[in-house]
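What follows is one structure encoded as structure tokens, with my remarks underneath.
We name chains A, B, ... by the order of the sequence lines, and we start the count at 1 in each one.
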Amino acid sequence: MPELPEIENIVQALQRLKGKKIEKLEILSGEVLRTSPRFLEKGLLENRFLAVRRKGKYILFQLEDSLTLVMHLGMTGQILLQQSTSFLSQGEGTRRVLDRADLPDKHTHFVIHCQESKLYYRDVRKFGFINLVRFHESDEDNYFRKIGYDPFEVKREFVISLLKNRKARIKPLLLSQKPLAGLGNIYVDETLFKAGIHPKHKTSRLSRARLGHFFDVMRLVLEEAIEKGGSSIDDYVRPDGSYGSFQNFHQVYGREGKPCPRCGALIRKIRLGGRGTSFCPRCQR
DNA sequence: GCCACTGTTAGCAT
DNA sequence: CATGCTAACAGTGG
């Protein structure tokens, strides 16, 4: 599942696109498009990448002419970068199913051909999407009105008051992307465990000190996950086809029935807001 | 072969 | 507005 750390890794790998010109487009399935194929062709062809960045789980490709290509990977989306004829890393860490020669396969919806590289957009479940928008002035803020702040663009004190003013249970609130954008199921469970907070706890009822502690732990968990290349559970791979390794460091996610690494109590799994939720009943209150 | 399960966002209900 | 529930989808595993 691509969440903030996975998207951050992808964005870092995509930095090499900067300055390159788009020479050809292949739209293999229109289902993931949030705009017309005509507008995409017109806006992208012969255009150049100025910058690639991230907001929450959204990937933003800034182009000339105030155009921004917006990509979201949903649950199973992948971006794969091919340099001329070979992928950046061969063999090690690559998946059988994604054997580079196979691309584009039936789950590849979109291909961008650049000078010396191709970008493949794959998404098995098609929950992801691609859009092309023209941003002027505050248009970007307007476009992202529905999502909250990126955890790395806000200060500790601000986040404390942000959460202090919400009445919802902390886990569904964080998954909503409203106050903060970027955490998904894995990193919410991992952060709440390390912060010692029960996923059903209402944020307004947590002390400012505990909310501050939550913020510190969240930053640490995300930074460590980014540094470890993200979590490769089902589909996630980096654009060069390699795996992340943070899944090997998960404390609670996917560990139900196993002993808590801190106190030895058995990790429980419940349903919360329709989502699987793993936590330690003794450490998280 | 069937069915439950996986978890993201959008959209609708409360 | 704030919060909660469910549909959309395709593959996997029991």
- prompt: Should the pair Lys171(A)-Asp189(A) be classified as a salt bridge under the 4.0 Å nitrogen-to-oxygen rule?
  reply: yes
message: Using whole Å, what does the distance between atom C1' of nucleotide dT9(B) and atom CG of Asn185(A) come to?
response: 14 Å
message: Between P on dA10(C) and CG on Asp123(A), what's the gap in Å once rounded to a whole number?
response: 10 Å
- prompt: Quick one: does NZ or CZ of Arg156(A) land under 6.0 Å from the six-membered ring centre of Phe215(A), within 45 degrees of the ring axis?
  reply: no
- request: Salt-bridge test for Glu190(A) and Lys194(A): reply yes if a basic N is under 4.0 Å from a carboxylate O, no otherwise.
  value: no
- request: Can you tell me the distance, in whole Å, between the CG atom of Leu175(A) and the P atom of dT9(B)?
  value: 9 Å
- prompt: dA10(B) phosphate, OP1 or OP2: any side-chain N/O from Lys146(A) under 4.0 angstrom?
  reply: yes
message: Applying the side-chain contact (heavy atoms from CB on, under 4.5 Å) criterion to Tyr121(A), which one of Leu28(A), Leu73(A), Leu80(A) satisfies it?
response: Leu73(A)
Distances for protein N or O near nucleotides 1-8 of chain C N or O, under 3.5 Å:
from	atom 1	to	atom 2	distance (Å)
dT3(C)	OP1	Lys167(A)	N	2.8
dT3(C)	OP1	Ala168(A)	N	3.3
dT3(C)	OP2	Arg166(A)	NH1	2.3

field: Separation of dT9(B) P from Lys55(A) NZ (nearest whole Å)
entry: 14 Å
message: Please confirm whether the shortest side-chain N or O distance from Lys126(A) to OP1 or OP2 of dT9(B) is below 4.0 Å.
response: no
task: Report which part of the nucleic acid Met1(A) touches: base, sugar-phosphate, or nothing (heavy-atom distance under 4.0 Å, all strands).
output: sugar-phosphate
task: Could you give the distance separating dG1(B) and dC9(C) at their P atoms, to the nearest angstrom?
output: 22 Å
- request: Output all residues satisfying ring pair (Phe, Tyr, Trp, His ring centres under 6.0 Å) with Phe279(A), sequence neighbours left out; order by chain, then residue number.
  value: His198(A)
- prompt: Does Ser117(A) reach the main-chain N or O of Cys114(A) with its side chain, forming a donor-acceptor pair under 3.5 Å?
  reply: no
- request: Measure centre to centre between the rings of Tyr253(A) and Phe193(A), then say whether the value is under 6.0 Å.
  value: no
field: Spacing of Glu31(A) atom CD relative to dC9(C) atom C1', expressed in whole Å
entry: 9 Å
query: Which whole-number value in Å describes the distance from Phe129(A) CZ to dT9(B) C1'?
result: 7 Å
- line: When every non-hydrogen atom of Val111(A) is compared with those of Pro104(A), the smallest separation belongs to CG2-CB, 4.5 Å
message: Give the dot-bracket line for DNA chain B from 5' end to 3' end: parentheses for intra-strand Watson-Crick or G-U pairs under 3.5 Å, square brackets for crossings, | for inter-strand pairing, dots for unpaired.
response: .|||||.|||||||
- request: Would you name the heavy atoms of Ala51(A) and Lys18(A) that are closest together and state the gap between them?
  value: CA-CG, 3.9 Å
Find every protein N or O atom lying less than 3.5 Å from an N or O atom of nucleotides 12-14 of chain C, and list the pairs.
none

- request: Could you check whether Lys269(A) gets within reach of a base, just the sugar-phosphate, or nothing at all, counting any heavy atom under 4.0 Å?
  value: sugar-phosphate
Mind listing the side-chain donor-acceptor pairs of residues 1-10 of chain A below 3.5 Å, one per line with the distance, residues two or more places apart or on another chain?
from	atom 1	to	atom 2	distance (Å)
Glu3(A)	OE1	Gly184(A)	N	2.7
Glu3(A)	OE1	Tyr187(A)	N	3.2
Glu3(A)	OE2	Asn185(A)	N	3.4
Glu3(A)	OE2	Ile186(A)	N	3.0
Glu6(A)	OE1	Glu3(A)	N	2.8
Glu6(A)	OE2	Tyr187(A)	OH	2.6
Glu6(A)	OE2	Ser231(A)	N	2.7
Glu8(A)	OE1	Arg54(A)	NE	2.9
Glu8(A)	OE2	Gln12(A)	NE2	2.9
Asn9(A)	OD1	Arg238(A)	NE	3.1
Asn9(A)	ND2	Pro5(A)	O	3.0
Asn9(A)	ND2	Ile226(A)	O	3.1

Value in whole Å for how far the P atom of dA10(C) lies from CG of Asp105(A): 14 Å
message: Tell me whether the side-chain N/O atoms of His107(A) come closer than 4.0 Å to OP1 or OP2 in dA10(C).
response: no
- prompt: Quick one: ring pair (Phe, Tyr, Trp, His ring centres under 6.0 Å) partners of Phe135(A), sequence neighbours excluded?
  reply: Tyr143(A)
message: If I take atom CG in residue Leu174(A) and atom P in nucleotide dT9(B), what distance separates them, rounded to the nearest angstrom?
response: 13 Å
query: With no hydrogens and no angle check, do the side chains of Asn248(A) and Ser245(A) hold a donor and an acceptor under 3.5 Å apart?
result: no
